[in-house]
**Q** 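I'd like to ask some things about the structure below.
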Amino acid sequence: MLASSLSSIPDPQQHVPRFIGTGTPMRDLVQSYRWQDTPLGPVAGWPGSLRTAVSIVLRSVHPMFLWWGEELTQIYNDAYVPCFGVGKHPLALGQGGRECWPEIWSIIGPQIDEVRNGREARWYADNLVPIWRNGRIEDVYWSYTYTPVFNELDEVGGVLVVCSETTAKVLAERRQHTLDLLNRRLQGCRNEADVRAAITQSTIDNPGDLLDATLLNGAEAMDCPGADVLVIRGAELQLCAELALAFKLSTRLPLDGAYRQFLEQFTAAVCATLTRLQSDRALAESSRIKDEFLAMLGHELRNPLAPIVTALKLMKLRDTDTVHEQAVIQRQVDHLVRLVDDLLDVSRIASGKVELRKETVPLADVLNKAIEMASPLLEQKQHRLLVDVPTVRWHGDPARLAQVVSNLLSNAARYTPAGGHITLATRIKGKTVQIQVTDDGNGIASTLLPHIFDLFVQGNRQLDRAKGGLGIGLALVRNLVQMHGGDASAYSAGEGRGSTFTITLPDSVMLEEELPVVNSNAAPALEQGAGLRVLVVDDNQDAADSLGELLSALGYRPSVAYDPAHAIALASAAMPDVAILDIGLPGMDGFELAGHLRQLPLGADLKLLALSGYGQENDKTRSREAGFAAHLVKPINIAELQNSLS
């Protein structure tokens, strides 16, 4: 045994070679070693080249290793000892290279031969050379150089190794790269399945650190792992307590602080993503509930508005003694309808459900429509409106632009004292149109100005609050303008000094050579009444009766039912030409009723019109797919009703 060759205490009378030296564990070990039992022979007989090489190795503070002779007998210094770990030192001293390193001889053997035969040094950077240490094969990375050492015969007598272990650096870089890739993948995850796929891909990318990684939920996260599995729980990282990751550990790496930190960072990234997804789901659910609430609110508000509007139309047809009262009712109903529409528009725009319906129209027509929409409030407060309207054609959604300008005019009227001045001006520069609404009213405080287009932000209306809105009009303005690719801005010199709102719409003015060819054939005028038989079905009796009376006044022959069974009975007795069906009927909704009516004799040719307090695009689409010719939103627009009946 080589251990028997070691003498713990050198003979004090024995000469101590100065090239070996004393005072360190390895120098003392080399001094006391029985070299005569090795191919090198007694120290006294070593050639000068070997003595010089050993002197360099033992006095260096950098890890060094020397192989000498045909058997590659080994000598190394104190700095190299930690590289062995537990298991090879001190037996490696004086051993032959092949005997000491059988597990890596396939790697280093050819490298040594290349240096001995080629007589030139070789350099290897961050090279994986797994060695047996600490009771197992470990993945160890080295940067090292093999340098030939020449003997007295000018032959390569040995190989000098100058090395540094770079395992920590290589693993740190590899693990950081894995975390970077994981984080990029997690950013694109939309559900837990995506997260699990990202985890699996990480194990494929880095099998050296991640033999396997499994996401655990709930009770799974509390299970005890096996001997080669480490579970990192979210609770340990002050993250989601119900989540954990189980990692199958590499048997070729020690579970040190750096390895555990990497697994904790991996777990933290996954837990953070799942928490974000959970939060996103909660926000999406909250948004869905909000949208459903707003839709229901609009439905419930429109239901009582429907008979009011219809009754008002009847009053105008039959009674001329209440013109003033009718005007008051009309203004308030229009205002309430506008509030409902704005409220629903905010929800639809925020959820991306509004699509612009662009066409090329005279800009003056759009602005005149906006003035008409805002005129009740302008007239009520006796404002003087100055208008500068250009004679150009504009490409965009005319209904939405009219809504934008009307909102600005209504705001100006609302916040300007009675008898004030409001200006609607336009400027054309190339294909860009700029529209400004200026007033000499209350102005805007400097603290409010940066937030004036935010949702639910309002100025101080004081006693005029009853004529105000919900703080959503300007938010709608900004959103609709941005959908056109433009921007909206506001300016005020301060409170009491008026304000100016500007919208800029680029690339929207149509030049003459770009105008589309328009068919000059005029659309035929709508027929009035013509004695059509119309079945009205609505469980709101006031709404049904008032709509029936209005249809009668317009020259139609209506019949009214308050429930599906009565509607089927009326249609069975005499099939109408048109049926106006409330979609939200109790027991049997309008879609089911439509199916029953079509099954009746002569029902296949029945024209169906949907009537609903729900007016979102998906509601209209569903009606269209169910075979309804039109979807009328409460309160009914009379012109739209007549157009649908024609």
Side-chain angles (χ1 to χ4, degrees), residues 63 79-89 92 101-104 107 126-144 163-183 185-186 195-274:
Y80 189 88
V81 171
C83 300
F84 281 116
V86 177
K88 287 186 182 292
H89 175 74
W101 305 104
E103 72 273 22
I104 57 171
I107 299 174
D126 297 329
N127 204 38
L128 174 60
V129 185
I131 64 173
W132 178 270
R133 70 179 181 186
N134 304 320
R136 64 174 169 220
I137 292 291
E138 285 190 12
D139 282 348
V140 185
Y141 291 83
W142 310 84
S143 287
Y144 55 96
C163 62
S164 295
E165 182 178 345
T166 60
T167 305
K169 178 179 77 74
V170 172
L171 293 184
E173 292 174 352
R174 183 174 80 188
R175 290 163 178 171
Q176 187 58 53
H177 182 61
T178 298
L179 292 173
D180 291 343
L181 289 177
L182 174 68
N183 284 319
R185 292 190 185 103
L186 292 176
V195 174
R196 291 181 182 274
I199 295 171
T200 299
Q201 187 59 49
S202 293
T203 65
I204 296 172
D205 292 342
N206 184 1
D209 292 305
L210 302 169
L211 274 68
D212 187 47
T214 305
L215 178 64
L216 305 178
N217 267 316
E220 293 178 320
M222 304 310 296
D223 291 344
C224 294
D228 61 342
V229 175
L230 176 66
V231 174
I232 305 292
R233 296 179 174 83
E236 301 171 19
L237 309 176
Q238 284 74 53
L239 295 170
C240 37
E242 70 280 6
L243 294 173
L245 260 74
F247 297 97
K248 186 174 182 181
L249 300 174
S250 171
T251 58
R252 299 168 69 97
L253 294 173
L255 182 58
D256 54 14
Y259 197 179
R260 186 178 184 91
Q261 182 183 39
F262 163 65
L263 299 179
E264 288 177 349
Q265 290 174 324
F266 193 102
T267 302
V270 171
C271 286
T273 299
L274 290 170

**Q** Rounded to the nearest 0.5 Å, how far apart are CG of Leu249 and CG of Leu255?
**A**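 It comes to 5.5 Å.
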**Q** Quick one, Glu264 and Arg260 - any side-chain contact, counting heavy atoms below 4.5 Å?
**A** yes
**Q** Just verifying a value: how many Å separate Asn183 CG and Thr178 OG1, rounded to the nearest 0.5 Å?
**A**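 The OG1 atom of Thr178 is 11.0 Å from CG of Asn183, to the nearest 0.5 Å.
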**Q** Could you check if a side-chain atom of Phe247 sits within less than 4.5 angstrom of a side-chain atom of Phe266, using non-hydrogen atoms only?
**A** yes
**Q** What heavy-atom pair brings Leu182 and Ser202 nearest, and what distance separates the two atoms?
**A**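 Closest approach of Leu182 to Ser202: CD1-OG, 3.7 Å.
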**Q** Identify the two heavy atoms, one from Ala246 and one from Val229, that lie closest to each other, and give their separation to 0.1 Å.
**A** CB-CG1, 4.0 Å
**Q** Under the 6.0 Å and 45° cation-pi test, does Arg175 pair with Tyr259?
**A**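 Cation-pi check for Arg175 and Tyr259: passes.
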**Q** Give me the atom names and distance for the closest heavy-atom approach of Cys271 to Gly234.
**A**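 Distance-wise, the nearest heavy atoms are SG-CA, 4.1 Å.
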**Q** What verdict does the side chain to side chain donor-acceptor pair (under 3.5 Å) test give for Asp212 and Thr203, after you've listed the backbone C-alpha separation in whole Å, the side-chain angles of each residue and the deciding distance to 0.1 Å?
**A** CA-CA 6 Å; Asp212 187 47; Thr203 65; 5.3 Å; no
**Q** Drop me the distance from Leu263's CG to Leu245's CG, to the nearest 0.5 angstrom.
**A**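 That separation rounds to 9.0 Å.
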**Q** Does Arg252 pair with Glu103 as a salt bridge, N-O distance under 4.0 Å?
**A**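 Not counted as a salt bridge, because no side-chain N and carboxylate O are separated by less than 4.0 Å.
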**Q** Any side-chain heavy atom of Arg136 within less than 4.5 Å of one from Pro254?
**A**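 Touching, per the 4.5 Å side-chain cut-off.
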**Q** Report the distance from atom CD1 of Ile232 to atom OG1 of Thr267, rounding to the nearest 0.5 Å.
**A**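 Separation between the atoms: 5.5 Å.
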**Q** Is there a side-chain contact between Leu171 and Leu253 (heavy atoms, below 4.5 Å)?
**A** yes
**Q** Under a 4.5 Å cut-off applied to non-hydrogen side-chain atoms, are Val140 and Arg133 in contact?
**A** yes
**Q** Taking the side chain as C-beta and beyond, is there a heavy-atom pair between Phe262 and Asn206 under 4.5 Å?
**A** yes
**Q** State the CD1-OG1 distance between Ile137 and Thr251, to the nearest 0.5 angstrom.
**A** 10.0 Å
**Q** Examine the side chains of Asn127 and Tyr141 and answer whether a donor and an acceptor come within less than 3.5 Å of each other.
**A**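 Note: Asn127 and Tyr141 side chains miss the donor-acceptor criterion.
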**Q** Which atom names give the shortest non-hydrogen contact between Leu237 and Ala268, and what distance separates them?
**A**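 Shortest heavy-atom separation between Leu237 and Ala268 comes out as CD1-N, 3.9 Å.
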**Q** Kindly write out the residues that satisfy ring-ring contact (aromatic ring centres under 6.0 Å, His included) with Tyr80, not counting sequence neighbours, or none if the list is empty.
**A**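 Tyr80: ring-ring contact (aromatic ring centres under 6.0 Å, His included) contacts with Phe65, Phe84.
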**Q** In Å and rounded to the nearest 0.5 Å, what is the CD to CG distance from Glu242 to Asn217?
**A**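 Answer rounded to 0.5 Å: 7.0 Å.
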**Q** Salt-bridge test for Asp139 and Arg174: reply yes if a basic N is under 4.0 Å from a carboxylate O, no otherwise.
**A** no
**Q** Near Lys88 NZ, under 6.0 Å, is it more than 12 heavy atoms from other residues, nucleotides or ligands?
**A** yes
**Q** So Leu274 and Leu215, do their side chains get closer than 4.5 Å, heavy atoms only?
**A** yes
**Q** With the side chain counted from C-beta on, respond yes when Ile131 and Cys83 share a heavy-atom pair under 4.5 Å apart, and no when they do not.
**A**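 Heavy-atom side-chain distance check fails, nothing below 4.5 Å.
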**Q** Keeping the roles fixed (side chain from Arg233, backbone from Leu243), state whether a donor-acceptor pair exists under 3.5 Å.
**A**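 Side chain of Arg233 to backbone of Leu243, a donor-acceptor pair under 3.5 Å: no, none is there.
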